[in-house]
Amino acid sequence: MFEAAELGNAIDKAVYKKQEPLIRTRLLEVQRRLADSQTAVMILIGGVEGAGKSETVNLLLSWLDGRGVEVHALGAPSDEERERPRYWRYWRIIPPRGKIGILFGSWYSDPIVDRVYERCDDATLDNELHLITQFERMLSNEGVVLIKLWMHLAKKVQKKRLEKLRDTPETAWRISPLTWKYFKKYDEFRLISEAALRKTSMAFAPWHIIEAEDDRYRHLTVATLVADSIEAALKRPKAALPPAAEGKKPPLPTPKPVNLIQSLDLSVHLNGAQYDKRLAELEADLSRLTRKLKDASGSMTLVLEGPDAAGKGGAIRRLTEPIDARIWQFMSVAAPTDEERAHPYLWRFWRQLPRRGRITIYDRSWYGRVMVERLEGFCTQEEWQRAFAEITQFEEQLTAFGTIVIKFWLAISPEEQLKRFKDRETTPYKQYKLTAEDWRNREKWGAYIAAACDMVERTSTSNAPWVIVEANDKLWARIKILKTVRDALKKAVG
(Lines give C-alpha, C1' and ligand atoms only; values in the text may rest on other atoms or scores of the structure.)
Protein backbone atom coordinates (compact mmCIF):
# COMPACT_ATOMS: atom_id res chain seq x y z
CA MET A 1 0.00 0.00 0.00
CA PHE A 2 2.71 2.50 0.97
CA GLU A 3 4.97 1.61 -1.99
CA ALA A 4 2.95 3.95 -4.21
CA ALA A 5 3.96 6.83 -1.92
CA GLU A 6 7.69 6.19 -2.31
CA LEU A 7 8.07 6.99 -6.01
CA GLY A 8 9.85 10.33 -5.66
CA ASN A 9 6.99 12.57 -6.85
CA ALA A 10 7.96 16.24 -6.86
CA ILE A 11 6.75 19.54 -8.32
CA ASP A 12 9.16 22.22 -9.40
CA LYS A 13 8.89 25.77 -8.17
CA ALA A 14 7.58 27.24 -11.43
CA VAL A 15 4.72 24.76 -11.71
CA TYR A 16 3.84 25.26 -8.05
CA LYS A 17 3.80 29.02 -8.43
CA LYS A 18 1.40 28.68 -11.36
CA GLN A 19 -0.92 26.18 -9.62
CA GLU A 20 -1.04 27.81 -6.19
CA PRO A 21 -3.45 30.70 -6.95
CA LEU A 22 -5.77 28.37 -8.84
CA ILE A 23 -6.14 25.84 -6.04
CA ARG A 24 -6.45 28.58 -3.42
CA THR A 25 -9.31 30.15 -5.36
CA ARG A 26 -10.97 26.77 -5.76
CA LEU A 27 -10.67 25.97 -2.06
CA LEU A 28 -12.31 29.24 -1.07
CA GLU A 29 -15.12 28.67 -3.55
CA VAL A 30 -15.96 25.16 -2.31
CA GLN A 31 -15.75 26.42 1.28
CA ARG A 32 -18.23 29.18 0.45
CA ARG A 33 -20.64 26.63 -1.01
CA LEU A 34 -20.10 24.33 1.96
CA ALA A 35 -21.13 27.11 4.36
CA ASP A 36 -24.60 27.19 2.75
CA SER A 37 -25.03 23.41 2.81
CA GLN A 38 -26.20 20.73 5.25
CA THR A 39 -22.74 19.14 5.14
CA ALA A 40 -19.87 19.23 7.64
CA VAL A 41 -16.27 18.27 6.87
CA MET A 42 -13.76 16.57 9.17
CA ILE A 43 -10.17 16.34 7.90
CA LEU A 44 -8.00 13.75 9.66
CA ILE A 45 -4.25 14.37 9.44
CA GLY A 46 -2.21 11.25 10.10
CA GLY A 47 1.09 9.73 9.10
CA VAL A 48 4.70 9.32 10.14
CA GLU A 49 6.67 11.77 12.25
CA GLY A 50 8.37 14.52 10.27
CA ALA A 51 6.09 14.14 7.25
CA GLY A 52 4.92 17.75 7.32
CA LYS A 53 1.59 17.37 9.09
CA SER A 54 1.91 20.70 10.91
CA GLU A 55 3.01 22.49 7.75
CA THR A 56 0.05 21.03 5.88
CA VAL A 57 -2.45 22.22 8.47
CA ASN A 58 -0.87 25.68 8.53
CA LEU A 59 -1.12 25.79 4.75
CA LEU A 60 -4.82 24.88 4.79
CA LEU A 61 -5.50 27.51 7.43
CA SER A 62 -3.76 30.15 5.33
CA TRP A 63 -5.59 29.15 2.13
CA LEU A 64 -9.05 28.73 3.65
CA ASP A 65 -11.25 31.28 5.39
CA GLY A 66 -10.28 30.69 9.02
CA ARG A 67 -13.72 31.71 10.26
CA GLY A 68 -15.13 28.43 8.97
CA VAL A 69 -12.38 26.13 10.25
CA GLU A 70 -11.78 24.57 13.66
CA VAL A 71 -8.44 22.88 14.41
CA HIS A 72 -8.01 20.31 17.19
CA ALA A 73 -4.76 18.70 18.29
CA LEU A 74 -5.36 15.66 20.46
CA GLY A 75 -2.62 14.40 22.69
CA ALA A 76 -2.87 12.23 25.77
CA PRO A 77 -6.39 12.22 27.25
CA SER A 78 -7.08 14.70 30.04
CA ASP A 79 -8.46 13.60 33.41
CA GLU A 80 -11.91 14.70 32.26
CA GLU A 81 -11.61 12.61 29.10
CA ARG A 82 -10.34 9.52 30.91
CA GLU A 83 -13.46 9.59 33.09
CA ARG A 84 -15.72 9.02 30.10
CA PRO A 85 -15.86 6.50 27.21
CA ARG A 86 -13.03 6.97 24.71
CA TYR A 87 -15.14 8.41 21.90
CA TRP A 88 -16.50 11.20 24.11
CA ARG A 89 -13.49 13.38 23.26
CA TYR A 90 -14.08 12.87 19.54
CA TRP A 91 -17.84 13.50 19.57
CA ARG A 92 -17.27 16.83 21.30
CA ILE A 93 -15.27 18.20 18.36
CA ILE A 94 -17.46 17.12 15.45
CA PRO A 95 -17.97 20.33 13.43
CA PRO A 96 -21.47 21.68 12.77
CA ARG A 97 -22.97 21.74 9.30
CA GLY A 98 -21.28 24.21 7.00
CA LYS A 99 -17.96 24.09 8.87
CA ILE A 100 -14.61 22.30 8.50
CA GLY A 101 -12.83 20.56 11.36
CA ILE A 102 -9.14 19.61 11.12
CA LEU A 103 -7.91 16.96 13.51
CA PHE A 104 -4.31 16.24 14.48
CA GLY A 105 -4.20 12.82 16.03
CA SER A 106 -7.46 10.92 15.70
CA TRP A 107 -9.32 7.83 16.80
CA TYR A 108 -6.67 5.82 14.91
CA SER A 109 -3.67 6.89 16.96
CA ASP A 110 -4.13 4.95 20.20
CA PRO A 111 -5.11 1.58 18.64
CA ILE A 112 -2.12 1.65 16.27
CA VAL A 113 0.39 2.69 18.96
CA ASP A 114 -1.01 0.15 21.43
CA ARG A 115 -0.61 -2.66 18.89
CA VAL A 116 2.93 -1.61 17.94
CA TYR A 117 3.97 -1.72 21.59
CA GLU A 118 2.03 -4.96 22.19
CA ARG A 119 -0.36 -3.42 24.68
CA CYS A 120 -3.11 -5.19 22.77
CA ASP A 121 -3.36 -8.16 20.43
CA ASP A 122 -4.63 -8.46 16.86
CA ALA A 123 -8.17 -9.31 17.97
CA THR A 124 -8.36 -6.20 20.14
CA LEU A 125 -7.04 -4.03 17.31
CA ASP A 126 -9.59 -5.53 14.91
CA ASN A 127 -12.36 -4.74 17.38
CA GLU A 128 -11.15 -1.14 17.67
CA LEU A 129 -11.07 -0.82 13.88
CA HIS A 130 -14.61 -2.21 13.76
CA LEU A 131 -15.74 0.49 16.23
CA ILE A 132 -14.00 3.12 14.11
CA THR A 133 -15.83 1.94 10.99
CA GLN A 134 -19.16 2.06 12.82
CA PHE A 135 -18.38 5.58 14.06
CA GLU A 136 -17.35 6.85 10.65
CA ARG A 137 -20.35 5.24 8.94
CA MET A 138 -22.71 7.02 11.31
CA LEU A 139 -20.98 10.37 10.81
CA SER A 140 -21.19 9.88 7.05
CA ASN A 141 -24.87 8.99 7.25
CA GLU A 142 -25.44 12.15 9.29
CA GLY A 143 -23.84 14.41 6.69
CA VAL A 144 -20.23 14.59 7.90
CA VAL A 145 -17.67 14.20 5.10
CA LEU A 146 -14.52 12.49 6.36
CA ILE A 147 -11.31 13.33 4.49
CA LYS A 148 -8.59 11.02 5.82
CA LEU A 149 -5.05 12.01 4.83
CA TRP A 150 -1.99 9.89 5.64
CA MET A 151 1.42 11.54 5.08
CA HIS A 152 4.02 8.91 4.24
CA LEU A 153 7.82 8.91 4.12
CA ALA A 154 10.13 6.03 3.32
CA LYS A 155 12.35 5.02 6.24
CA LYS A 156 15.55 6.59 4.91
CA VAL A 157 13.74 9.75 3.94
CA GLN A 158 12.13 10.02 7.36
CA LYS A 159 15.47 9.63 9.15
CA LYS A 160 17.00 12.36 7.01
CA ARG A 161 14.00 14.63 7.64
CA LEU A 162 14.10 14.11 11.41
CA GLU A 163 17.83 14.83 11.56
CA LYS A 164 17.32 18.05 9.62
CA LEU A 165 14.55 19.15 11.96
CA ARG A 166 16.70 18.28 14.98
CA ASP A 167 19.70 20.23 13.67
CA THR A 168 17.72 23.36 12.74
CA PRO A 169 17.31 25.71 15.73
CA GLU A 170 13.84 26.84 14.68
CA THR A 171 12.50 23.28 14.51
CA ALA A 172 14.63 21.39 17.03
CA TRP A 173 11.84 21.62 19.63
CA ARG A 174 9.69 19.36 17.47
CA ILE A 175 12.04 16.40 17.86
CA SER A 176 11.63 14.70 21.21
CA PRO A 177 12.86 11.38 22.63
CA LEU A 178 9.43 9.97 21.74
CA THR A 179 10.03 10.89 18.09
CA TRP A 180 13.14 8.70 17.94
CA LYS A 181 11.42 6.01 19.99
CA TYR A 182 8.73 5.80 17.32
CA PHE A 183 11.31 5.90 14.51
CA LYS A 184 13.03 2.81 15.93
CA LYS A 185 9.70 1.02 15.46
CA TYR A 186 9.30 2.25 11.87
CA ASP A 187 8.86 -1.22 10.39
CA GLU A 188 6.27 -2.23 12.98
CA PHE A 189 4.39 1.06 12.56
CA ARG A 190 4.41 0.61 8.81
CA LEU A 191 3.05 -2.93 8.96
CA ILE A 192 0.28 -2.20 11.46
CA SER A 193 -0.67 1.19 10.00
CA GLU A 194 -0.94 -0.34 6.55
CA ALA A 195 -3.28 -3.05 7.86
CA ALA A 196 -5.37 -0.48 9.78
CA LEU A 197 -5.74 1.79 6.77
CA ARG A 198 -6.66 -1.12 4.51
CA LYS A 199 -9.38 -2.33 6.90
CA THR A 200 -10.89 1.14 7.42
CA SER A 201 -10.71 2.61 3.93
CA MET A 202 -14.38 2.56 2.96
CA ALA A 203 -16.31 4.12 0.11
CA PHE A 204 -17.91 6.56 2.55
CA ALA A 205 -14.55 7.40 4.23
CA PRO A 206 -11.55 6.41 2.09
CA TRP A 207 -7.91 6.88 3.04
CA HIS A 208 -5.67 9.04 0.85
CA ILE A 209 -1.97 8.19 1.16
CA ILE A 210 0.23 11.14 0.24
CA GLU A 211 3.90 11.02 -0.64
CA ALA A 212 5.27 13.72 1.66
CA GLU A 213 8.95 13.99 0.71
CA ASP A 214 8.49 17.03 -1.54
CA ASP A 215 6.73 19.90 0.22
CA ARG A 216 5.26 21.43 -2.92
CA TYR A 217 3.90 18.09 -4.13
CA ARG A 218 2.39 17.43 -0.69
CA HIS A 219 0.76 20.84 -0.47
CA LEU A 220 -0.88 20.75 -3.89
CA THR A 221 -1.95 17.13 -3.47
CA VAL A 222 -3.60 17.78 -0.11
CA ALA A 223 -5.32 20.98 -1.27
CA THR A 224 -6.63 19.25 -4.38
CA LEU A 225 -7.91 16.25 -2.42
CA VAL A 226 -9.71 18.51 0.04
CA ALA A 227 -11.31 20.54 -2.76
CA ASP A 228 -12.26 17.42 -4.73
CA SER A 229 -13.78 15.71 -1.69
CA ILE A 230 -15.89 18.69 -0.65
CA GLU A 231 -16.98 19.34 -4.22
CA ALA A 232 -18.00 15.70 -4.70
CA ALA A 233 -20.02 15.79 -1.47
CA LEU A 234 -21.83 18.96 -2.52
CA LYS A 235 -22.74 17.40 -5.88
CA ARG A 236 -24.37 14.35 -4.33
CA PRO A 237 -28.15 14.21 -4.54
CA LYS A 238 -29.72 15.89 -1.54
CA ALA A 239 -30.97 13.55 1.15
CA ALA A 240 -34.71 13.06 1.37
CA LEU A 241 -36.48 15.56 3.57
CA PRO A 242 -38.40 14.34 6.61
CA PRO A 243 -42.15 14.11 6.00
CA ALA A 244 -42.85 17.03 8.36
CA ALA A 245 -40.52 19.29 6.34
CA GLU A 246 -42.62 18.60 3.24
CA GLY A 247 -45.92 19.07 5.03
CA LYS A 248 -46.65 15.35 4.87
CA LYS A 249 -47.76 12.90 7.53
CA PRO A 250 -45.61 9.80 8.00
CA PRO A 251 -47.23 6.35 7.85
CA LEU A 252 -48.14 5.27 11.38
CA PRO A 253 -47.46 1.74 12.62
CA THR A 254 -50.14 -0.36 14.27
CA PRO A 255 -49.45 -2.60 17.26
CA LYS A 256 -49.53 -6.35 16.94
CA PRO A 257 -52.59 -8.00 18.53
CA VAL A 258 -50.31 -9.59 21.11
CA ASN A 259 -47.28 -7.55 22.14
CA LEU A 260 -44.93 -6.91 25.03
CA ILE A 261 -46.79 -3.90 26.39
CA GLN A 262 -50.43 -4.78 25.91
CA SER A 263 -49.90 -8.21 27.45
CA LEU A 264 -48.87 -6.66 30.79
CA ASP A 265 -50.97 -7.11 33.89
CA LEU A 266 -51.65 -3.48 34.76
CA SER A 267 -53.82 -4.40 37.74
CA VAL A 268 -50.82 -5.09 40.00
CA HIS A 269 -50.62 -2.70 42.94
CA LEU A 270 -49.23 -2.02 46.40
CA ASN A 271 -51.10 -0.65 49.37
CA GLY A 272 -49.70 2.24 51.36
CA ALA A 273 -48.24 0.12 54.16
CA GLN A 274 -46.47 -2.23 51.74
CA TYR A 275 -45.12 0.75 49.81
CA ASP A 276 -43.78 2.56 52.87
CA LYS A 277 -41.99 -0.55 54.12
CA ARG A 278 -40.37 -1.38 50.77
CA LEU A 279 -39.50 2.25 50.11
CA ALA A 280 -37.60 2.59 53.40
CA GLU A 281 -35.59 -0.57 52.68
CA LEU A 282 -34.74 0.42 49.12
CA GLU A 283 -33.83 3.99 49.99
CA ALA A 284 -31.37 2.76 52.62
CA ASP A 285 -29.78 0.40 50.08
CA LEU A 286 -29.61 3.08 47.38
CA SER A 287 -27.97 5.55 49.71
CA ARG A 288 -25.28 3.04 50.64
CA LEU A 289 -24.73 1.56 47.16
CA THR A 290 -24.52 4.86 45.29
CA ARG A 291 -21.78 5.98 47.68
CA LYS A 292 -19.94 2.75 46.90
CA LEU A 293 -20.44 3.38 43.18
CA LYS A 294 -18.75 6.75 43.57
CA ASP A 295 -15.90 5.27 45.61
CA ALA A 296 -15.44 2.58 42.94
CA SER A 297 -15.41 5.27 40.20
CA GLY A 298 -18.35 3.58 38.52
CA SER A 299 -21.11 5.40 36.65
CA MET A 300 -24.76 4.81 35.86
CA THR A 301 -27.13 5.98 33.14
CA LEU A 302 -30.89 5.59 33.66
CA VAL A 303 -33.48 6.25 30.97
CA LEU A 304 -37.20 6.70 31.66
CA GLU A 305 -39.59 6.63 28.73
CA GLY A 306 -43.33 6.15 28.46
CA PRO A 307 -46.61 7.84 27.52
CA ASP A 308 -47.48 11.29 28.82
CA ALA A 309 -48.59 11.14 32.49
CA ALA A 310 -47.02 7.70 32.96
CA GLY A 311 -45.36 8.84 36.21
CA LYS A 312 -41.77 9.38 35.09
CA GLY A 313 -41.31 12.56 37.12
CA GLY A 314 -42.62 11.05 40.34
CA ALA A 315 -40.47 7.95 39.91
CA ILE A 316 -37.37 10.10 39.38
CA ARG A 317 -38.08 12.10 42.53
CA ARG A 318 -38.38 8.94 44.63
CA LEU A 319 -35.25 7.55 43.03
CA THR A 320 -33.09 10.59 43.74
CA GLU A 321 -34.26 11.39 47.28
CA PRO A 322 -31.83 8.97 49.01
CA ILE A 323 -28.89 9.75 46.69
CA ASP A 324 -26.26 12.40 47.44
CA ALA A 325 -27.22 15.33 45.20
CA ARG A 326 -23.56 15.87 44.33
CA ILE A 327 -23.33 12.64 42.36
CA TRP A 328 -26.47 12.66 40.20
CA GLN A 329 -27.80 14.90 37.47
CA PHE A 330 -31.22 14.99 35.83
CA MET A 331 -31.64 15.54 32.09
CA SER A 332 -35.06 16.44 30.70
CA VAL A 333 -34.79 15.98 26.95
CA ALA A 334 -36.81 18.39 24.81
CA ALA A 335 -36.68 19.32 21.13
CA PRO A 336 -33.09 19.90 19.95
CA THR A 337 -31.71 23.42 19.77
CA ASP A 338 -30.40 24.95 16.53
CA GLU A 339 -26.86 24.06 17.62
CA GLU A 340 -27.87 20.46 18.30
CA ARG A 341 -29.69 20.14 14.97
CA ALA A 342 -26.49 21.22 13.21
CA HIS A 343 -24.76 18.04 14.47
CA PRO A 344 -25.44 14.30 14.28
CA TYR A 345 -28.40 13.51 16.55
CA LEU A 346 -26.35 11.55 19.14
CA TRP A 347 -23.93 14.47 19.54
CA ARG A 348 -25.94 16.13 22.30
CA PHE A 349 -26.17 12.91 24.30
CA TRP A 350 -22.48 12.05 24.02
CA ARG A 351 -21.66 15.50 25.40
CA GLN A 352 -23.78 14.89 28.51
CA LEU A 353 -22.34 11.53 29.56
CA PRO A 354 -21.58 11.29 33.29
CA ARG A 355 -18.05 11.19 34.64
CA ARG A 356 -16.93 8.22 36.70
CA GLY A 357 -18.67 8.20 40.06
CA ARG A 358 -21.76 9.98 38.71
CA ILE A 359 -25.32 9.05 37.80
CA THR A 360 -27.34 10.61 34.98
CA ILE A 361 -31.11 10.17 34.82
CA TYR A 362 -32.90 10.95 31.55
CA ASP A 363 -36.57 11.90 31.31
CA ARG A 364 -36.85 11.10 27.58
CA SER A 365 -33.62 10.33 25.74
CA TRP A 366 -31.92 9.41 22.48
CA TYR A 367 -34.89 7.13 21.85
CA GLY A 368 -36.77 10.18 20.61
CA ARG A 369 -35.32 9.37 17.17
CA VAL A 370 -37.31 6.11 16.99
CA MET A 371 -40.38 7.40 18.82
CA VAL A 372 -41.43 11.07 18.53
CA GLU A 373 -39.26 11.90 15.51
CA ARG A 374 -40.43 8.77 13.71
CA LEU A 375 -44.13 9.24 14.41
CA GLU A 376 -44.23 13.01 13.92
CA GLY A 377 -42.23 12.91 10.69
CA PHE A 378 -39.21 14.83 11.99
CA CYS A 379 -36.80 12.29 10.47
CA THR A 380 -36.88 10.06 7.40
CA GLN A 381 -37.69 6.37 7.43
CA GLU A 382 -34.06 5.56 6.60
CA GLU A 383 -32.88 7.66 9.55
CA TRP A 384 -35.08 6.09 12.22
CA GLN A 385 -34.55 2.58 10.89
CA ARG A 386 -30.76 2.79 11.09
CA ALA A 387 -31.00 4.49 14.49
CA PHE A 388 -31.78 1.16 16.19
CA ALA A 389 -28.29 -0.14 15.36
CA GLU A 390 -26.62 3.22 16.06
CA ILE A 391 -28.23 3.47 19.50
CA THR A 392 -27.26 -0.11 20.35
CA GLN A 393 -23.65 0.65 19.35
CA PHE A 394 -23.72 3.81 21.48
CA GLU A 395 -24.92 1.88 24.52
CA GLU A 396 -22.38 -0.90 23.92
CA GLN A 397 -19.61 1.69 24.26
CA LEU A 398 -21.11 2.93 27.52
CA THR A 399 -21.33 -0.54 29.05
CA ALA A 400 -17.88 -1.52 27.75
CA PHE A 401 -16.54 1.47 29.70
CA GLY A 402 -18.22 0.15 32.83
CA THR A 403 -21.34 2.32 32.86
CA ILE A 404 -24.48 0.64 34.20
CA VAL A 405 -27.25 1.31 31.67
CA ILE A 406 -30.90 0.59 32.49
CA LYS A 407 -33.90 1.74 30.45
CA PHE A 408 -37.45 1.84 31.80
CA TRP A 409 -40.67 1.95 29.82
CA LEU A 410 -43.53 3.00 32.11
CA ALA A 411 -46.69 1.41 30.72
CA ILE A 412 -50.18 2.67 31.55
CA SER A 413 -53.57 2.03 30.00
CA PRO A 414 -55.30 4.70 27.89
CA GLU A 415 -58.04 4.82 30.51
CA GLU A 416 -55.52 5.56 33.27
CA GLN A 417 -53.90 8.24 31.14
CA LEU A 418 -57.24 9.95 30.58
CA LYS A 419 -57.92 9.85 34.33
CA ARG A 420 -54.55 11.51 35.03
CA PHE A 421 -55.09 14.13 32.33
CA LYS A 422 -58.42 15.13 33.90
CA ASP A 423 -56.78 15.26 37.32
CA ARG A 424 -54.18 17.63 35.92
CA GLU A 425 -56.88 19.82 34.41
CA THR A 426 -58.59 20.30 37.77
CA THR A 427 -55.55 20.53 40.05
CA PRO A 428 -54.01 24.03 39.88
CA TYR A 429 -50.45 23.00 40.71
CA LYS A 430 -50.58 20.23 38.07
CA GLN A 431 -52.09 22.20 35.20
CA TYR A 432 -48.70 23.23 33.81
CA LYS A 433 -48.01 19.56 33.06
CA LEU A 434 -50.89 19.25 30.57
CA THR A 435 -50.52 20.71 27.08
CA ALA A 436 -52.35 20.57 23.78
CA GLU A 437 -49.57 18.34 22.52
CA ASP A 438 -50.39 15.76 25.21
CA TRP A 439 -53.95 15.51 23.90
CA ARG A 440 -52.70 15.32 20.32
CA ASN A 441 -50.26 12.53 21.17
CA ARG A 442 -53.09 10.61 22.82
CA GLU A 443 -54.82 10.37 19.46
CA LYS A 444 -51.83 8.32 18.24
CA TRP A 445 -51.90 5.89 21.17
CA GLY A 446 -51.72 2.75 19.03
CA ALA A 447 -48.86 4.09 16.92
CA TYR A 448 -46.82 4.98 20.01
CA ILE A 449 -47.40 1.51 21.47
CA ALA A 450 -46.29 -0.09 18.18
CA ALA A 451 -43.17 2.10 18.02
CA ALA A 452 -42.36 1.35 21.67
CA CYS A 453 -42.59 -2.38 21.03
CA ASP A 454 -40.22 -2.03 18.05
CA MET A 455 -37.85 -0.02 20.23
CA VAL A 456 -37.80 -2.55 23.07
CA GLU A 457 -37.48 -5.57 20.79
CA ARG A 458 -34.62 -4.09 18.77
CA THR A 459 -32.57 -2.35 21.45
CA SER A 460 -32.93 -4.39 24.64
CA THR A 461 -29.62 -6.16 25.29
CA SER A 462 -28.19 -8.08 28.20
CA ASN A 463 -25.87 -5.17 29.04
CA ALA A 464 -28.41 -2.39 28.48
CA PRO A 465 -31.83 -3.93 29.08
CA TRP A 466 -35.28 -2.47 28.81
CA VAL A 467 -37.41 -2.98 31.91
CA ILE A 468 -41.13 -2.65 31.25
CA VAL A 469 -42.89 -1.26 34.31
CA GLU A 470 -46.56 -1.76 35.05
CA ALA A 471 -47.36 1.85 35.96
CA ASN A 472 -51.13 2.11 36.40
CA ASP A 473 -50.35 1.96 40.10
CA LYS A 474 -47.71 4.62 40.84
CA LEU A 475 -46.60 2.95 44.07
CA TRP A 476 -45.96 -0.36 42.33
CA ALA A 477 -44.07 1.37 39.50
CA ARG A 478 -41.81 3.33 41.84
CA ILE A 479 -40.87 0.29 43.89
CA LYS A 480 -40.14 -1.76 40.77
CA ILE A 481 -37.86 0.95 39.41
CA LEU A 482 -36.03 1.45 42.72
CA LYS A 483 -35.60 -2.29 43.16
CA THR A 484 -34.23 -2.72 39.64
CA VAL A 485 -31.68 0.05 40.19
CA ARG A 486 -30.78 -1.31 43.64
CA ASP A 487 -30.21 -4.81 42.25
CA ALA A 488 -28.01 -3.52 39.42
CA LEU A 489 -25.89 -1.51 41.85
CA LYS A 490 -25.62 -4.45 44.20
CA LYS A 491 -24.38 -6.67 41.38
CA ALA A 492 -21.83 -4.04 40.32
CA VAL A 493 -20.42 -2.87 43.68
CA GLY A 494 -21.80 -5.32 46.25
Side-chain angles (χ1 to χ4, degrees), residues 260-261 264-307 309-333 353-365 367 395 398-399 402-413 416 420 430 433 456 460-494:
L260 288 169
I261 294 174
L264 293 171
D265 179 8
L266 296 180
S267 67
V268 293
H269 69 281
L270 289 175
N271 61 42
Q274 291 172 320
Y275 173 75
D276 290 340
K277 180 181 178 181
R278 295 291 291 125
L279 181 64
E281 295 171 353
L282 289 167
E283 285 185 334
D285 287 344
L286 286 171
S287 178
R288 174 179 57 84
L289 291 168
T290 51
R291 289 197 303 273
K292 291 185 72 173
L293 178 72
K294 184 178 186 299
D295 293 340
S297 295
S299 61
M300 173 176 269
T301 295
L302 303 175
V303 169
L304 282 84
E305 298 274 3
K312 297 183 292 296
I316 290 170
R317 285 192 292 274
R318 299 306 175 277
L319 182 60
T320 56
E321 280 175 355
I323 303 174
D324 184 344
R326 292 170 295 184
I327 67 173
W328 65 269
Q329 63 176 337
F330 167 67
M331 306 296 301
S332 181
V333 176
L353 292 181
R355 302 178 73 152
R356 291 191 187 275
R358 306 292 180 87
I359 299 170
T360 302
I361 304 170
Y362 290 90
D363 181 351
R364 309 293 188 190
S365 68
Y367 284 97
E395 292 173 351
L398 301 189
T399 58
T403 302
I404 301 168
V405 178
I406 311 174
K407 304 165 300 192
F408 297 97
W409 176 267
L410 279 65
I412 58 174
S413 66
E416 179 63 24
R420 295 182 186 182
K430 293 183 180 180
K433 296 182 178 181
V456 172
S460 189
T461 64
S462 58
N463 289 333
W466 275 103
V467 178
I468 304 179
V469 180
E470 305 89 340
N472 265 15
D473 182 77
K474 292 182 179 180
L475 303 185
W476 173 277
R478 292 168 185 172
I479 292 301
K480 183 169 182 175
I481 291 170
L482 267 64
K483 182 179 182 301
T484 302
V485 174
R486 189 276 310 270
D487 291 348
L489 286 167
K490 198 171 184 179
K491 182 178 179 181
V493 298

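Positions are given from 1 along the sequence.
The side-chain heavy atoms of Leu489 and Met300, taken from C-beta on, include a pair separated by under 4.5 Å. In this structure, Ser460 and Trp409 have side chains that are not in contact, with every pair of non-hydrogen atoms separated by 4.5 Å or more. The closest side-chain heavy-atom distance from Glu416 to Lys474 is not below 4.5 Å. Within the 4.5 Å cutoff, no side-chain heavy atoms of Leu482 are placed close to those of Arg278. Between Arg288 and Asp285 the shortest side-chain heavy-atom distance falls below 4.5 Å. Side-chain contact between Asp473 and Val268: absent, with no pair of heavy atoms (C-beta onward) separated by less than 4.5 Å. Contact check for Ile359 versus Gln329: no side-chain heavy atoms found under the 4.5 Å cut-off. With contacts defined as side-chain heavy-atom distances shorter than 4.5 Å, the pair Tyr362/Val333 qualifies.
With sequence neighbours excluded, the residues that form a salt bridge (charged side-chain N to carboxylate O under 4.0 Å, His left out) with Lys480 are Glu470. Taking the ring pair (Phe, Tyr, Trp, His ring centres under 6.0 Å) definition, one finds that Tyr367 meets it with Trp466, sequence neighbours left out.
Contact detail for Leu410 and Lys312: the closest heavy-atom pair is CD2-N, 3.8 Å. When all heavy atoms of Ile261 and Ala411 are compared, the pair lying nearest together is CG2-CB, 4.1 Å. Residues Thr399 and Asn463 come closest through the heavy atom pair CG2-O, 3.4 Å. Between Leu398 and Leu353 the shortest heavy-atom distance is CD2-CD1, 3.5 Å. Closest heavy-atom contact between Glu305 and Ser365: OE2-OG, 2.7 Å. In terms of heavy-atom proximity, Ala471 sits nearest to Leu266 at N-CD2, 4.3 Å.
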Stepwise, does the side chain to side chain contact (heavy atoms under 4.5 Å, CB included) test hold for Arg478 with Tyr275? CA-CA 9 Å; Arg478 292 168 185 172; Tyr275 173 75; 3.8 Å; yes
Dump the intermediate steps for side chain to side chain contact (heavy atoms under 4.5 Å, CB included) on Asp363 and Phe330, then the final yes or no. CA-CA 8 Å; Asp363 181 351; Phe330 167 67; 3.5 Å; yes
Kindly determine whether Leu260 and Val456 satisfy side chain to side chain contact (heavy atoms under 4.5 Å, CB included), including the steps that lead there. CA-CA 9 Å; Leu260 288 169; Val456 172; 3.8 Å; yes
What's the verdict on side-chain hydrogen bond (donor to acceptor under 3.5 Å, both in side chains) for Ser267 and Asp265, showing C-alpha distance, side-chain angles and the deciding distance? CA-CA 6 Å; Ser267 67; Asp265 179 8; 2.5 Å; yes
After noting the C-alpha distance and the side-chain angles of Leu302 and Val485, does the key distance pass the side chain to side chain contact (heavy atoms under 4.5 Å, CB included) rule? CA-CA 9 Å; Leu302 303 175; Val485 174; 4.0 Å; yes
Could you give me the CA-CA distance, side-chain angles and deciding distance for Arg291 and Asp295, then say whether salt bridge (Lys or Arg N to Asp or Glu O under 4.0 Å) is met? CA-CA 6 Å; Arg291 289 197 303 273; Asp295 293 340; over 6 Å; no
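In this structure, CD1 in Ile327 is found 7.0 Å from NZ in Lys294, a value given to the nearest 0.5 Å. Annotation: the span from Ser299 atom OG to Arg358 atom CZ amounts to 11.0 Å, rounded to 0.5 Å. Atom OG1 in Thr290 sits 13.0 Å away from atom CZ in Arg486 (nearest 0.5 Å). The structure places CD1 of Ile406 at 10.0 Å from CG of Leu304, a figure rounded to the nearest 0.5 Å.
Judged by distance alone, with hydrogens and angles left aside, the side-chain atoms of Gln274 form a donor-acceptor pair with the main-chain N or O of Asn271 at under 3.5 Å. Looking at Lys292, its side chain does come within 3.5 Å of a backbone N or O of Val493 through a donor-acceptor pair. Side-chain N or O atoms of Arg364 include one that pairs as donor or acceptor with a backbone N or O of Gly306 at under 3.5 Å.
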Donor-acceptor pairs under 3.5 angstrom involving side-chain atoms of residues 314-325: please list them, not counting sequence neighbours.
unit_1 : atom_1 : unit_2 : atom_2 : d
Thr320 : OG1    : Ile316 : O      : 3.0
Thr320 : OG1    : Arg317 : O      : 3.3
Asp324 : OD1    : Arg326 : N      : 3.0
Asp324 : OD1    : Arg326 : NE     : 3.1
Asp324 : OD2    : Arg326 : NE     : 3.2
Asp324 : OD2    : Arg326 : NH2    : 2.8

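Of the candidates Lys483, Lys490, Lys491, Lys483 is the only one forming a side-chain hydrogen bond (donor to acceptor under 3.5 Å, both in side chains) with Asp487.
A salt bridge links Lys407 with Glu395: the closest approach of a Lys/Arg side-chain nitrogen to an acidic carboxylate oxygen falls below 4.0 angstrom.
Side-chain contact check for Thr403 and Thr301: no donor-acceptor pair (N or O, by modelled atom type) lies under 3.5 Å.
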